[in-house]
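Working notes for the structure below.
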Amino acid sequence: MTKIQPDKLPVSVIVPVKNEERNIAACLESVAWADEIWLVDSRSTDRTCEIAALHGAQIVQFDYAGGFPKKKNWALMNLPLKHEWVLLIDADERVMPELQAEIRDVLNRPDSADGFYINRRLIFLGRWIKHCGWYPSWNLRLFKHWLGRFEKLGAEDVENAGDVEVHEHVVLQGRTEYLKHDLLHEDFKSIYHFVERHNRYSNWDAQVYVNLAGGVEAATGSGSLNASLFGSPLERKRFIKRMWARLPFRPVLRFVWMYFIKRGFLDSKPGLIFCVLMTMHEAVISAKMYERQLSSADCGLRIADSTPNHQPPITD
């Protein structure tokens with residue numbers, strides 16, 4: 001029988017990181033109630049691991065070799081997790097006391113589900129972004145670890161996209177429910193880091209858009225969420241994203257949707273800045289999609305030009 005420390009919950013927390021010294025202390029302090037905490041690091045060059053060790057986290061290094069799996073799936077597949085329940089949390093996220101109490105309650109229920117969606121509350125430039133289409137933002141973060149794996153979207157080998165799953169969702173072979181209290185998402189890094197991070201994300205997004213728009217099997221096949229207008233909230237979201245990937249003028253539509261239709265103007269100046277930055281992100285995705293099309297066309301022309309002509313010579 002697994003021995004649990006007094007006053008701790010039987011949960012294994014997994015925190016994927018790289019150079020997160022500004023965020024990691026607050027993150028780990030917010031999950032100090034968990035009986036086990038794993039920090040999955042990608043060779044950080046700052047004080048991330050030193051700070052994590054001071055907070056009692058177990059540290060393991062992940063050396064990404066490309067392809068599948070990325071960091072979170074690798075952790076689910078390889079870490080010797082002590083408990084059946086796992087909580088996935090990023091370094092810039094915090095579990096508030098109300099959410100901790102709710103997790104304690106659901107784990108003690110005899111009829112508890114196999115996994116729980118948690119809503120994220122984004123704090124940007126000191127303000128809760130309550131509008132802009134960014135709230136609610138449901139993610140499956142608490143689940144029985146052997147039942148869940150991150151989906152494959154056919155973009156695992158995209159260059160400079162990072163070694164961790166970002167927008168992929170967990171596909172759970174079991175029953176799910178929704179928790180009432182939010183997970184706080186507050187990054188203590190600067191706008192510079194926000195833009196740098198989204199530049200990397202746009203590489204991945206561009207390939208996923210290409211797959212979704214073109215109906216590539218890897219984007220909707222085994223191990224991925226279904227795209228269904230009448231399915232779960234995440235399946236509807238995937239259906240909308242597939243339609244979105246086929247639309248023209250996406251950057252303009254993104255701003256109109258976030259700032260006007262979803263009332264981002266109610267989030268004051270941080271809301272405006274956030275909408276502008278996400279519009280830029282959409283524009284960069286579109287540019288990279290076009291760049292991929294040009295590269296594919298150029299590659300096709302080079303192959304055609306290099307194909308030898310085997311037609312027999314014309315003779316009299």
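Here the structure is a predicted model, which is why all the values come from computation and not from measurement. Hydrogens, waters and symmetry mates are skipped; everything else that's a heavy atom, side chains included, is used. Residue numbers count from 1 along this sequence.
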Checklist entry - Step by step, would you call V284 with H281 a side-chain contact (heavy atoms from CB on, under 4.5 Å)? => result CA-CA 5 Å; V284 172; H281 178 62; 5.5 Å; no
Checklist entry - Taking it one step at a time, do N19 and T45 satisfy side-chain contact (heavy atoms from CB on, under 4.5 Å)? => result CA-CA 6 Å; N19 293 334; T45 55; 3.4 Å; yes
Checklist entry - Going through the distances and angles, do L125 and I191 end up as a side-chain contact (heavy atoms from CB on, under 4.5 Å)? => result CA-CA 9 Å; L125 294 178; I191 293 293; 4.1 Å; yes
Next on the checklist: Let's go through I24 and L39 carefully: what are the C-alpha distance in whole Å and the side-chain angles of both, what is the deciding distance for side-chain contact (heavy atoms from CB on, under 4.5 Å) to 0.1 Å, and is it a yes or a no?
Outcome noted: CA-CA 10 Å; I24 195 60; L39 189 90; 3.6 Å; yes
Next on the checklist: Is there a salt bridge (Lys or Arg N to Asp or Glu O under 4.0 Å) between R109 and E177? Walk through the geometry before answering.
Outcome noted: CA-CA 13 Å; R109 277 173 30 197; E177 294 180 4; 3.1 Å; yes
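For the pair D90 (side chain) and D92 (backbone), a donor-acceptor distance under 3.5 Å is absent. Without hydrogens or angle criteria, N119 side chain to L179 main chain gives no donor-acceptor distance under 3.5 Å. Remark: the backbone N or O of V95 is paired with a side-chain donor or acceptor of S30 at under 3.5 angstrom. A donor-acceptor pair is defined here as one N or O able to donate and one able to accept, closer than 3.5 Å; such a pair exists between the side chain of D41 and the backbone of R43. Although no hydrogens or angles enter the test, the distance criterion places a donor-acceptor pair under 3.5 Å between the side chain of E21 and the main chain of R47. A donor-acceptor pair under 3.5 Å links the side-chain atoms of K71 to the main chain of V17, judged by distance alone. Using modelled atom types, no side-chain atom of D35 and backbone atom of L9 make a donor-acceptor pair closer than 3.5 Å. Side chain of H193 to backbone of K189: no donor-acceptor contact under 3.5 angstrom is found. Under a 3.5 Å cut-off, the side chain of S12 and the backbone N or O of L81 do not form any donor-acceptor pair. Of the possible polar contacts, one joining the E165 side chain to the K72 backbone as a donor-acceptor pair under 3.5 Å is found.
Taking the six-membered ring wherever Trp is involved, the centroid distance between the rings of F124 and W134 does not fall below 6.0 Å. For W74 and F62, the distance between ring centers is under 6.0 angstrom. Ring centroid separation for the pair W85 and H145 does not come in under the 6.0 Å cut-off. The aromatic ring centres of H131 and Y135 sit 6.0 Å or more apart.
If you run side-chain contact (heavy atoms from CB on, under 4.5 Å) between K144 and each of L172, D114, V86, only D114 comes through.
Residues R149 and E168 are not paired through a salt bridge, judged by the lack of any N-O separation under 4.0 Å between the basic side chain and the carboxylate. With respect to the salt-bridge test (charged N to carboxylate O, under 4.0 angstrom), the residues K18 and E20 do not qualify. Between K152 and E156, none of the side-chain N atoms (NZ, or NE/NH1/NH2) sits under 4.0 Å from a carboxylate O, so this pair counts as no salt bridge. Look at D187 and R197 and you find a salt bridge, because one of the NZ, NE, NH1 or NH2 atoms lies within 4.0 Å of a carboxylate O, short of that distance.
When every heavy atom of H83 is checked against every heavy atom of E36, the shortest pair comes out as N-OE1, 4.2 Å. Across S202 and K288, no two heavy atoms sit closer than the pair OG-NZ, 2.7 Å. The two residues P248 and L253 come nearest to each other via the heavy atoms O-CD1, 3.4 Å. Annotation for N139 and R120: closest pair ND2-NE, 3.7 Å, computed over non-hydrogen atoms. Across all non-hydrogen atoms, the minimal contact from W146 to E84 is CH2-OE1, 3.0 Å. Across every non-hydrogen atom of V15 and C27, the tightest pair is CG1-SG, 4.1 Å.
Taking the side chain as every heavy atom from C-beta outward, F265 and L272 never approach each other to under 4.5 Å. Residues I89 and L183 have side chains in contact (heavy-atom distance under 4.5 Å, counting atoms from C-beta outward). Between L79 and V40, the closest side-chain pair of non-hydrogen atoms falls below 4.5 Å. W38 is listed as a side-chain neighbour of P80, based on a closest heavy-atom distance under 4.5 Å. Taking the side chain as every heavy atom from C-beta outward, W128 and R121 approach each other to under 4.5 Å. Side-chain contact between E282 and W244 is present, with heavy atoms from C-beta onward closer than 4.5 Å. Looking at heavy atoms from C-beta onward, R94 lies out of side-chain contact with E29 at the 4.5 angstrom threshold. Considering only heavy atoms from C-beta on, S42 stays 4.5 Å or farther from Q61 through its side chain.
Hydrophobic cluster membership of Y201, counting Ile, Leu, Val, Met, Phe, Trp and Tyr whose side-chain heavy atoms lie under 4.5 Å apart directly or via other members: V164, V166.
Here the CG-CG distance, from N203 to N199, works out to 6.5 Å after rounding to the nearest 0.5 Å. Separating the CD atom in E93 from the CG atom in L87 is a distance of 9.0 Å, to the nearest 0.5 Å. How far CG of L294 is from CE of M289: 12.0 Å, rounded to the nearest 0.5 Å. Taking CZ of F116 as the reference point, atom CD1 of I103 lies at 9.5 Å (rounded to 0.5 Å). Expressed to the nearest 0.5 Å, how far CD1 of I129 lies from CG of D267 amounts to 4.5 Å. L140 contributes atom CG, which lies 8.5 Å from atom CZ of F150 (distance to the nearest 0.5 angstrom).
V170 and M77 fall into different hydrophobic clusters, where Ile, Leu, Val, Met, Phe, Trp and Tyr side chains are chained together by heavy-atom contacts under 4.5 Å. Linking ILVMFWY residues whenever their side-chain heavy atoms come closer than 4.5 Å, directly or via other members, leaves L88 and I118 in distinct clusters. One hydrophobic cluster, built from ILVMFWY side chains closer than 4.5 Å, holds both M278 and V256. Following chains of ILVMFWY side-chain contacts shorter than 4.5 Å, one cannot reach L76 starting from V13, and the two form parts of different hydrophobic clusters. Y209 is not connected to M280 by any chain of hydrophobic side-chain contacts under 4.5 Å among Ile, Leu, Val, Met, Phe, Trp and Tyr, and they are in different clusters.
The environment of R175 atom CZ is dense: over 12 non-hydrogen atoms of other residues, nucleotides or ligands sit within 6.0 angstrom. Counting non-hydrogen atoms of other residues, nucleotides and ligands closer than 6.0 Å to NZ of K241 gives a total above 12. Summarising the local packing, OH of Y64 is surrounded by more than 12 heavy atoms from other residues, nucleotides or ligands at distances under 6.0 Å. More than 12 heavy atoms of other residues, nucleotides or ligands shown are found within 6.0 angstrom of CG on N108.
Residue pairs meeting the ring pair (Phe, Tyr, Trp, His ring centres under 6.0 Å) criterion with at least one partner in residues 171-190, sequence neighbours excluded, are Y117-Y178, W138-Y178.
In this model, a donor atom of one side chain and an acceptor atom of the other lie less than 3.5 Å apart for R250 and S286.
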